[in-house]
Amino acid sequence: MDLSSEIAATRAALLARIAEAARAAGRDPASVALVAVSKQQPDDRVDAMLATGHRVFGENRVQEALARWTPRRAAHADLKLRLIGPLQSNKAAEAVGFFDAIDSLDRPKLAAALAEAAQKAGRCPDVLVQVNTGEEPQKAGIAPGEADAFIAAARNEYGLPVKGLMCIPPLTEEPAMHFALLARIAARNGLSQLSMGMSDDFETAIRFGATMVRVGSALFGARG
Ligand SMILES: *Cc1c(COP(=O)(O)O)cnc(C)c1O
């Protein structure tokens, strides 16, 4: 099989698994979106994915995303690009100008920088708050116990369009309890979008209410 057919087949199989997981959970398959995580993937795989008609991509670094997607965006006006990695405040303006969604808001300083950049730009991407459900010191995300207050501040003090939450569970733990925790925090804050689940655990995440799964290696193959 050539690369285009291989990528198209992998995507079709993954979408089928997503739909099946949704149905098994009594959910509408259309309520779960696939974010294709293209970070560190070679261009030919990304272009093969674009050729399938897929339009929603996740990147974890601003510079890498700009280099890859600036020319491709000119050819595909309907692209939706999501920043899923940590963002430094000094790159907030660049990120606001480029991404359709920033899924990694996790601290007041960044909220302030995004709000200022959005005001200057006259536009603001959708925002997800990242929660460090495992309270891992090396991982980004607001602590679960501070999430409610931070979400309220992001909305009310900084005026950001907070749509939902994102988490990356600890590698060494069952993800289910982390997904359940994220869903509870979203529900009590009236947030509808839940970005959770990656290549190894997206079906579990869908069972716990994921509306977006972020899949890289299971879609494109191992990263370079
Ligand atoms: C890399 C990455 C993914 C995709 O991981 P895979 O295991 O390759 O599916 C998802 N979310 C975030 C935040 C990532 O950095």
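Ligands are counted one by one from 1 in listed order, and the atoms in each one are counted from 1 as well.
Checked by atom type and distance alone, the side chain of R45 pairs as donor or acceptor with a backbone atom of F220 at under 3.5 Å.
A side chain to side chain contact (heavy atoms under 4.5 Å, CB included) with F98 is found for one member of V62, L83, L66 and no other, namely L66.
Atom CZ of F57 is separated from atom CZ of R73 by 11.5 Å, given to the nearest 0.5 angstrom.
For E116, the side-chain hydrogen bond (donor to acceptor under 3.5 Å, both in side chains) partners are K120, not counting sequence neighbours. Legend: residues meeting side-chain contact (heavy atoms from CB on, under 4.5 Å) with A115, ordered by chain and number and at least two apart, are Y158, L160. Judged as a salt bridge (Lys or Arg N to Asp or Glu O under 4.0 Å), and not counting sequence neighbours, D44 has no contacts.
Protein residues with a heavy atom under 4.0 Å from ligand 1 are V37, K39, I84, I168, M198, S199, R214, V215, G216, S217, R223.
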